[in-house]
Number of protein chains: 2
Amino acid sequence: MAKLQKSIDKRNALIKATIELVNNNGFHATPMSKIAKMANVSPATIYLYFENKQDLVNQTYIEVKAEYTKYAFKTYDKNMPVKAGFELIWKRIADFKLKECENAMFLAQCDNTPMIDAHSRQEGIKHLQPLLDLWERGRQEGIIKPLSNYLLYAYSINPLSFLMIIQKRGDIQLNKVQLEEAYQSAWSSIKQCE
Amino acid sequence: MAKLQKSIDKRNALIKATIELVNNNGFHATPMSKIAKMANVSPATIYLYFENKQDLVNQTYIEVKAEYTKYAFKTYDKNMPVKAGFELIWKRIADFKLKECENAMFLAQCDNTPMIDAHSRQEGIKHLQPLLDLWERGRQEGIIKPLSNYLLYAYSINPLSFLMIIQKRGDIQLNKVQLEEAYQSAWSSIKQCE
DNA sequence: AAAAAAAGAATGAACATTCATTTTTTATGT
DNA sequence: ACATAAAAAATGAATGTTCATTCTTTTTTT
């Protein structure tokens, strides 16, 4: 037990260091040696936990993505009405993106880069299903526009990534009011107009 | 004249090669030697045109960003009505993102990465002013929601980046109809509801 | 005492950048 | 026009560094 615990701690430290360094310097400028140093570990030790650098980054991606979706759906129940369900999920996602900034930044970087291999990317998408199901229900009930999931995502969820990035960069600081405005815009763009 | 022309051709070839390689392999996996090879030039020659790798990437970014905004505003006239002006600019941007896919992909990667230095990023934003002015006018006329430029951009323009990426990845193929839908969503999310 | 985990140093490849030469262009004098 | 010298541009090979990964030894756990 103690051994296993210790191992998990080290693995977590490595993943955390990877996120922080990749966020600040980019993949191209984060050597294994720095990751090791930040995690208080010898470079050689990394290879006890991960196959190589690519594997480390892939696994970090999958881990963070899983945290993200877990957070998003934590309080969601698939029997909720469509509108309420969407609002709930949207706000959880917003919460994650704006509070767990490090994690969200890392995902944004991975999602726009050939840094992650196709297989891990696929793996990362899996857990988004509840949202897709909700949208399907919304379309059937005539509450949500009959657009593809991709379009709905592009208009209602993806903008949060952009907002997160510029907030991190210090260009804006979203308060409660602005967040509510952002939510209304998101909803406007996907709800079926009467 | 002949000399200058030749130089510009080489510079362009280098920039083109940089875009293509960074798009396909990421910054971290595009060595100067490959860029040189793709541009049919010796590695040493790159340093006659650019200070170093960072400078090459920064200048490529600025160049592509300038192309992007030039394209976006090509047929826009600042005396147009707000709604028509927005539709025009939006559709030009969509055109650019979906047709000049290579260029747009490169920008997306740069914009979510510490690949580009802050100064060059600043430089790249400059040319967006006509759109910001249009929005200001729209807010004053009560046609556009009283949101910050960042929010308006996040909801009406940024989704195109996401759509472009998934189209490049082969997940969707936007036709005329879907593009019109996307436009309507964009407009819905920023227009003042009556 | 055996096995597992971790470490630091070593290895070899890849890479950005520079150097010494060669090729091409430009300017000059006839 | 033309030959030729100076200047500029371009090159391939060399340089020195950085880095991912592995090897051997040491420490910790069982």
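Classification of Glu87(B) and Lys91(B) as a salt-bridged pair holds, one side-chain N sitting under 4.0 Å from a carboxylate O. The pair Glu67(B)-Lys70(B) does not count as a salt bridge, with every side-chain nitrogen at least 4.0 angstrom from each carboxylate oxygen.
Relative to the side chain of Pro31(A), the nucleotides dA20(D), dT11(D), dG8(C) differ in distance, and dA20(D) lies closest. The side chain of Lys10(B) approaches dA10(D) more closely than any other nucleotide in the set dT21(D), dA10(D), dA6(C). If you check dT17(C), dT11(D), dT21(D) against the side chain of Pro43(B), the one that comes closest is dT17(C). In this structure, of dA16(C), dT17(C), dC23(D), it is dC23(D) that holds the atom nearest to the side chain of Ala44(A). Listed candidates were dA20(D), dA10(D), dT17(C). Nearest to the side chain of Tyr47(B) is dT17(C).
Judged by closest nucleotide on DNA chain D, Ala29(A) is the one of Ala29(A) and Glu51(A) placed further toward the 5' end.
For the pair Asn25(A) CG and dC19(D) P, the interatomic distance rounds to 11 Å; values are reported in whole Å. Look at NZ on Lys37(A): it is 11 Å from P on dC19(D), rounded to the nearest Å. The distance between atom NZ of Lys53(A) and atom C1' of dA20(D), rounded to the nearest whole Å, is 8 Å. The separation between Ile8(A) atom CD1 and dA6(C) atom P is 12 Å, rounded to whole Å. Protein atom CG of Leu48(A) is 18 Å distant from nucleotide atom P of dA3(C), rounded to whole Å. The interatomic distance linking Gln54(B) (CD) with dT17(C) (C1') rounds to 15 Å, in whole Å. The separation between Tyr49(B) atom OH and dA9(D) atom P is 8 Å, rounded to whole Å. The nearest whole Å value for the distance from the CD1 atom in Ile35(A) to the C1' atom in dT21(D) is 13 Å.
Figure legend: Arg92(B) and Phe73(B) shown without cation-pi pairing, the cationic atom not lying both under 6.0 angstrom from the six-membered ring centre and within 45 degrees of its axis.
OP1 or OP2 of dT11(D) has at least one side-chain nitrogen or oxygen of Thr45(B) nearer than 4.0 Å.
Under the 3.5 Å distance criterion, with hydrogens and angles disregarded, a donor-acceptor pair is assigned to the side chains of Tyr61(A) and Asp111(A).
No continuous path of hydrophobic side-chain contacts links Ile125(A) to Met115(A) [ILVMFWY only; heavy atoms under 4.5 Å].
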